[in-house]
Number of protein chains: 2
Amino acid sequence: MVRQLYPLVSADVALFSVADDRLQVLLVRREHAPEAGLWALPGALLQPLGDADLEATARRALREKISVEVPYLAQLRTFAGASRDPRGWSLSVLHFALLPRDQVPAVVRSSVDGVRWADADAPGRRLAFDHAQQIQSARTALRQRVQDHDLPLHLMPERFTLTQLQRVCEVILSPGPEQPVRLDKGAFRRRFAKSPDIVEVPGAFEHGAQRPAQLFRVATGFQF
Amino acid sequence: MVRQLYPLVSADVALFSVADDRLQVLLVRREHAPEAGLWALPGALLQPLGDADLEATARRALREKISVEVPYLAQLRTFAGASRDPRGWSLSVLHFALLPRDQVPAVVRSSVDGVRWADADAPGRRLAFDHAQQIQSARTALRQRVQDHDLPLHLMPERFTLTQLQRVCEVILSPGPEQPVRLDKGAFRRRFAKSPDIVEVPGAFEHGAQRPAQLFRVATGFQF
DNA sequence: TAAATAGTGTCTATCAGACAATATCGT
DNA sequence: ACGATATTGTCTGATAGACACTATTTA
């Protein structure tokens with residue numbers, strides 16, 4: 001039994017997006033055994049002949065399962081052990097990815113065909129393997145990084161207002177939809193006023209049923 | 001060729017310690033091919049039949065190579081790809097560990113027998129595989145965590161003075177021995193005065209050629 | 001004009017860095 | 001007493017949170 005000598009190696013992806021003031025994570029239904037029928041994070045077995053590294057494996061998983069190319073993808077942590085997969089010793093490198101709302105393709109948005117967005121804080125009854133734990137791990141890391149850095153920018157569409165950016169941050173920092181975190185408007189704007197990562201689009205405004213709001217975009221050359 | 005179907009899986013450990021105001025990382029000389037004779041981080045190939053998870057593999061590596069049991073060991077990041085090991089597709093889960101100075105066994109301290117402590121900021125000419133990159137990655141993570149949390153406590157001996165603790169933090173935060181970072185004494189003591197993670201040992205003092213210093217120890221129940 | 005949201009200004013408690021002052025030991 | 005380090009105290013500039021105020025649009 002080769003499984004006793006070599007572990008299964010795969011890459012899983014926690015793909016997050018924000019819609020309707022909800023932080024969502026993408027799940028796919030497993031078609032084959034083991035755990036057939038259960039919801040799982042999109043993932044793929046490593047193909048040493050085709051994948052140059054693990055990020056390639058992760059991106060291939062998204063391509064194969066949901067036909068998506070994400071702008072931001074980072075490795076998070078590795079889950080491994082003898083008991084997390086019934087087939088034997090397995091190793092899964094968890095990645096997390098962020099998808100701006102306006103880049104969600106129609107095939108994913110429609111929530112059919114074994115693909116759905118789940119509430120990141122309550123992804124469902126029982127998930128395949130240790131994916132519930134993986135989601136929680138990714139959820140925590142996401143909240144952590146929003147506190148420090150400018151990571152939420154990866155979730156914004158091409159153009160956005162400061163209020164929209166603040167909503168996204170509030171959603172990510174909240175433990176769940178029931179206990180929303182409210183950030184102070186003044187402090188929030190102060191913080192991003194000093195940031196070189198966003199610039200305002202001159203003359204561009206978001207119009208609603210009230211005073212229009214200045215539109216911003218991510219600065220050119222912004223990475224990470 | 002099985003290597004074309006299954007990657008090599010291993011766990012490497014960056015073991016840090018502070019001595020003589022230097023941050024050091026432990027290296028072992030490779031005995032067998034590939035890269036025989038080069039210095040490398042201690043590591044071990046995954047043994048699915050014996051290792052329950054990757055932390056077990058990492059701890060086994062330290063046991064086998066240098067007969068050391070470390071109190072603190074954490075997973076850091078996974079390095080993988082087709083070109084980092086001449087044998088083919090390989091995957092290595094980098095861990096990092098901290099060893100208090102008074103727990104360094106004699107066999108390691110003596111720096112013989114294919115084991116040596118290297119300067120963490122200049123580990124040497126050429127190391128095996130991508131281990132130079134791995135050390136730099138671990139070095140950065142260590143500096144980062146010292147900024148935020150109370151991680152340096154894992155590097156302290158059973159009892160220590162606040163000045164000793166401050167030295168360790170300064171060494172870790174410094175880019176290298178040439179440009180030492182100096183922390184303010186008052187601010188440093190303020191920070192740890194509020195911390196519940198250390199407590200003073202009543203009546204215990206460190207005596208030198210000057211005013212004795214209060215000794216502290218890590219609080220019971222302190223983890224991470 | 002009213003409603004609603006955008007955007008700005010101000011006050012304050014907190015905190016880190018800088019630095020001075022005092023305390024207590026060995027010699 | 002002196003040198004050296006420990007320990008404490010004070011001042012100040014920067015900052016985040018709270019909150020009030022003004023501005024500008026649509027209806």
Side-chain angles (χ1 to χ4, degrees), chain A residues 20-21 143-152 156-157 159-175 179-217, chain B residues 20-21 143-152 156-157 159-175 179-217:
Chain A
D20 305 328
D21 290 350
R143 188 182 293 115
Q144 183 68 41
R145 300 190 189 192
V146 166
Q147 302 249 44
D148 308 338
H149 310 5
D150 298 317
L151 197 136
M156 304 309 292
R159 297 180 173 194
F160 54 88
T161 68
L162 289 182
T163 302
Q164 291 166 353
L165 179 59
Q166 183 175 345
R167 286 276 174 277
V168 168
C169 288
E170 289 172 341
V171 167
I172 293 175
L173 294 177
S174 299
Q179 298 142 6
V181 165
R182 305 290 298 181
L183 299 176
D184 181 77
K185 191 169 44 171
F188 186 86
R189 300 173 88 91
R190 233 178 352 215
R191 169 180 166 187
F192 277 94
K194 288 181 304 186
S195 169
D197 295 325
I198 66 173
V199 294
E200 62 180 52
V201 183
F205 294 90
E206 176 87 344
H207 290 266
Q210 65 286 104
R211 172 175 176 176
Q214 176 68 54
L215 282 168
F216 289 77
R217 65 171 174 80
Chain B
D20 306 327
D21 291 349
R143 188 182 294 115
Q144 183 69 41
R145 299 190 188 192
V146 166
Q147 302 250 42
D148 308 338
H149 310 8
D150 297 317
L151 197 138
M156 305 309 293
R159 296 179 172 194
F160 52 91
T161 69
L162 288 182
T163 301
Q164 291 167 354
L165 180 59
Q166 183 174 348
R167 285 277 174 276
V168 168
C169 287
E170 288 171 343
V171 168
I172 294 176
L173 293 177
S174 299
Q179 298 142 6
V181 166
R182 304 291 298 181
L183 300 177
D184 182 79
K185 193 167 38 170
F188 186 85
R189 300 174 88 90
R190 233 180 349 218
R191 170 181 165 188
F192 277 94
K194 289 181 303 185
S195 169
D197 294 327
I198 66 173
V199 294
E200 64 180 51
V201 183
F205 293 91
E206 177 87 345
H207 290 264
Q210 63 287 103
R211 172 175 175 176
Q214 175 68 54
L215 283 168
F216 289 77
R217 62 172 176 80

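When reading the values below, keep in mind they use all heavy atoms of this one structure, side chains included, and skip hydrogens, waters and symmetry mates.
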Of all the choices, C:dT8, C:dG17, D:dA6, which nucleotide is nearest to the side chain of B:Ala187 once you look at every atom? C:dG17
What integer distance in Å separates A:Leu162:CG from C:dT8:C1'? 13 Å
Nearest atoms (heavy-atom pairs only) where A:Gln147 meets A:Leu173: CG-CD2, 3.9 Å
B:Gln166 atom CD is separated from D:dT5 atom P, nearest whole Å, by 13 Å
Rounding to an integer number of Å, can you tell me how far B:Asp184 CG sits from D:dG13 C1'? 15 Å
Does B:Glu170 use its side chain to pair, donor to acceptor, with the backbone of B:Leu183 at less than 3.5 Å? yes
Would you say A:Gln214 and A:Leu162 make side-chain contact, with heavy atoms under 4.5 Å? no
When the distance from NZ of A:Lys185 to P of D:dA16 is rounded to whole Å, what number comes out? 18 Å
B:Phe192 CZ to D:dT8 C1', in whole Å, measures 18 Å
Quick check on DNA chain D: between B:Gly186 and B:Thr161, whose nearest nucleotide comes earlier from the 5' end? B:Thr161
Once you measure the plane-to-plane angle for A:His207 and A:Phe205, does it fall in the parallel (<30°), tilted (30-60°) or perpendicular (>60°) bin? perpendicular
Grab the CG-C1' distance between B:Leu183 and C:dC19 for me, whole Å please. 16 Å
Between D:dA18, D:dT7, C:dA18, which nucleotide has the shortest distance from any of its atoms to the side chain of B:Arg189? D:dT7
Separation of atom CZ in B:Phe188 from atom C1' in C:dG17, rounded to whole Å: 15 Å
More than 12 heavy atoms of other residues, nucleotides or ligands under 6.0 Å from CZ of B:Arg159: yes or no? no
Within this structure, what is the CZ-to-P distance between A:Phe160 and C:dT5, rounded to whole angstrom? 20 Å
Considering all heavy atoms, the nearest A:Val168-A:Met156 contact: CG2-SD, 3.7 Å
So which heavy atom on B:Ile198 is nearest to which on B:Phe160, and how close? CG2-CZ, 4.1 Å
Side chain of A:Arg190, base of C:dG7: donor and acceptor closer than 3.5 Å? no
Within residues 193-216 of chain A, those residues having any heavy atom closer than 4.0 Å to DNA chain D are A:Gly208, A:Ala209, A:Gln210, A:Arg211, A:Pro212
